[in-house]
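Taking it in order: structure first as structure tokens, then the write-up.
Note that the numbering runs from 1 along the sequence shown for the chain.
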Amino acid sequence: MHRLRLLLLGTLGSLAVALSGCSAPALLPVDDLTARLGQHNRVLTPPGDGPFPAVLLLHTCYGNLGHVDVWAERLRSHGYVAVVVNSMQARGLDGHFDRLSVCAGRTLRSPDRARDIHVSIERLRHSGKVDEQRIGIIGFSHGGWTALDFVGGGRQGVSEDLAVDGLTRVKSVVVVYPYCGEEAVRGLAAWPRDLRMLMLLAGGDTTVGTAKCESLARTQRSRGHALEVHIYPGAEHGYDIEPALIFGYDRRYDESAARDTQERILAFLEGTLAPPIMHERAASGGSTHVQNSDRGMR
């Protein structure tokens with residue numbers, strides 16, 4: 001199994017051609033998608049009555065293999081409702097070749113997956129535990145691509161079926177080594193003015209690169225959008241994923257960059273969503289806030 005996953009990780013480019021004859025499944029009706037996400041999403045809630053800020057976690061094209069679950073536990077401990085949006089299992093995409101098809105862009109492209117964000121936010125609105133005005137997103141790789149498409153107004157197949165546009169509820173977005181082509185850049189002019197974004201890039205990324213993301217960031221910053229960028233020199237795509245969680249990442253994992261990523265994200269969320277627990281820690285001298293002097297491009 002370990003050898004097979006290593007092989008799969010190294011052959012996405014060549015297999016994209018082999019997968020070219022595959023057709024993406026039709027979009028699920030919103031009611032069906034809502035039911036499926038209700039079954040497969042994982043929601044972690046802090047103790048207490050709330051309302052709490054909430055963060056949606058969007059996994060990579062390899063699906064929910066543990067990476068975002070670790071983040072969900074971490075976020076709950078810091079006072080957030082954490083929602084693991086399980087886009088792939090909700091569509092029955094569980095196998096290795098399913099993952100390859102998603103990674104190659106043949107199945108579950110970002111406009112389809114952006115619908116999951118709207119539906120998941122709609123479910124949160126009825127939970128009674130969430131402050132609807134303090135919702136954030138963290139997307140990794142394919143999940144980051146999805147988050148960018150969502151911010152650009154991706155509402156394919158949901159506009160007539162949901163009462164509230166989820167984008168009006170999202171105030172904070174983090175994208176970690178996202179793909180910044182095609183759907184990610186088509187809606188740049190539609191970005192909300194009150195949205196804040198943190199973009200963390202792998203300087204040695206040979207999977208999606210950084211050039212398009214850096215260009216996107218420059219464009220949006222020139223338009224006055226609040227977008228912070230940090231690049232980890234030499235880090236590879238998936239640098240923050242511990243090898244024990246996803247086989248094949250043993251040569252990619254960068255402990256120092258992973259730790260810094262954790263600190264930057266928590267500090268960014270503290271500044272943009274401000275959960276009450278953070279204020280309590282700050283008042284007692286135990287704030288988890290980390291100074292981020294890296295406001296611009298590197």
Side-chain angles (χ1 to χ4, degrees), residues 9 42 44 46 53 55-62 64-84 136-144 147 172-179 196-210 213-214 217 227-275 277-282 284-298:
L9 283 168
R42 184 183 180 208
L44 283 69
V55 178
L56 277 62
L57 290 156
L58 308 181
H59 56 65
T60 74
C61 65
Y62 243 53
N64 181 23
L65 298 181
H67 177 225
V68 290
D69 284 328
V70 172
W71 263 106
E73 296 286 358
R74 182 179 295 137
L75 290 171
R76 175 168 63 176
S77 72
H78 282 79
Y80 302 89
V81 171
V83 183
V84 176
I137 297 171
I138 304 176
F140 301 89
S141 190
H142 192 286
S172 177
V173 175
V174 179
V175 290
V176 188
Y177 41 82
Y179 171 61
R196 292 183 59 185
M197 180 177 291
L198 172 65
M199 181 179 288
L200 302 176
L201 305 177
D205 197 326
T206 58
T207 302
V208 297
T210 64
C213 290
E214 292 181 71
L227 194 158
E228 303 173 24
V229 179
H230 180 71
I231 301 174
Y232 295 99
E236 298 185 52
H237 196 85
Y239 66 84
D240 63 321
I241 301 176
E242 295 185 18
L245 299 176
I246 300 181
F247 291 122
Y249 277 73
D250 51 317
R251 295 183 180 179
R252 300 181 181 214
Y253 184 61
D254 184 325
E255 183 177 2
S256 176
R259 183 169 53 251
D260 187 76
T261 291
Q262 175 182 331
E263 293 173 349
R264 285 179 187 272
I265 291 176
L266 291 176
F268 180 75
L269 294 178
E270 177 188 351
T272 55
L273 299 181
I277 190 172
M278 291 295 189
H279 293 305
E280 293 169 7
R281 290 179 179 177
S284 64
S287 174
T288 59
H289 180 73
V290 177
Q291 289 295 328
N292 183 356
S293 59
D294 225 340
R295 300 296 180 187
M297 303 286 294
R298 274 193 178 184

Atom of Ala147, atom of Ile137 and distance for their closest heavy-atom approach = CB-CG2, 4.0 Å
Nearest-0.5 Å distance that lies between atom CD in Glu214 and atom CG in Leu201 | 6.5 Å
Pairwise side-chain contact, Pro53 with Val81, heavy-atom cut-off 4.5 Å (strictly under) = no
In short, Val208 meets Pro178 closest at the heavy-atom pair CG2-O, 3.5 Å
CG of Leu200 to CD of Gln262, rounded to nearest 0.5 Å, is 12.5 Å
Ile265: which of Ile138, Val55, Leu75 passes side chain to side chain contact (heavy atoms under 4.5 Å, CB included) | Ile138
Correct closest heavy-atom pair for Leu266 and Tyr80 would be O-OH, 4.5 Å
dist Cys213:SG -> Leu227:CG (nearest 0.5 Å) comes out at 10.0 Å
Looking at Ala258 and Tyr253, what are the two nearest heavy atoms and their distance?
-> CB-CE1, 3.8 Å
Looking at side-chain heavy atoms only, is the closest gap between Val84 and His59 below 4.5 Å?
-> no
Which pair of heavy atoms, one from Leu57 and one from Ala82, lies closest together, and at what distance?
-> CD1-CB, 4.4 Å
CG on Asp205 to OG on Ser141, rounded to 0.5 Å | 8.0 Å
Flag the pair Met197 / Val175 as yes when at least one side-chain heavy-atom distance between them is below 4.5 Å, and no otherwise.
-> yes
Nearest 0.5 Å, what's the NE2-OG1 distance between His67 and Thr60?
-> 8.0 Å
Got His230 and Asp260 here, is their nearest side-chain heavy-atom distance under 4.5 Å?
-> yes
Can a donor-acceptor pair be found between the side chains of Asp254 and Tyr232 at a distance below 3.5 Å?
-> no
For Arg74, all residues meeting salt bridge (Lys or Arg N to Asp or Glu O under 4.0 Å), sequence neighbours excluded = none
Test Ile241 against Arg252 for side-chain contact (heavy atoms from CB on, under 4.5 Å), laying out the working first.
-> CA-CA 8 Å; Ile241 301 176; Arg252 300 181 181 214; over 6 Å; no
If you look at every heavy atom in Ala235 and Ala202, which pair is closest and at what distance?
-> O-CB, 3.3 Å
May I ask you to decide if the ring planes of Phe140 and Tyr177 are parallel, tilted or perpendicular, using 30° and 60° as cut-offs?
-> tilted
Say you draw a straight line from CD of Glu236 to OG1 of Thr207; how long is it, rounded to the nearest 0.5 Å?
-> 8.0 Å
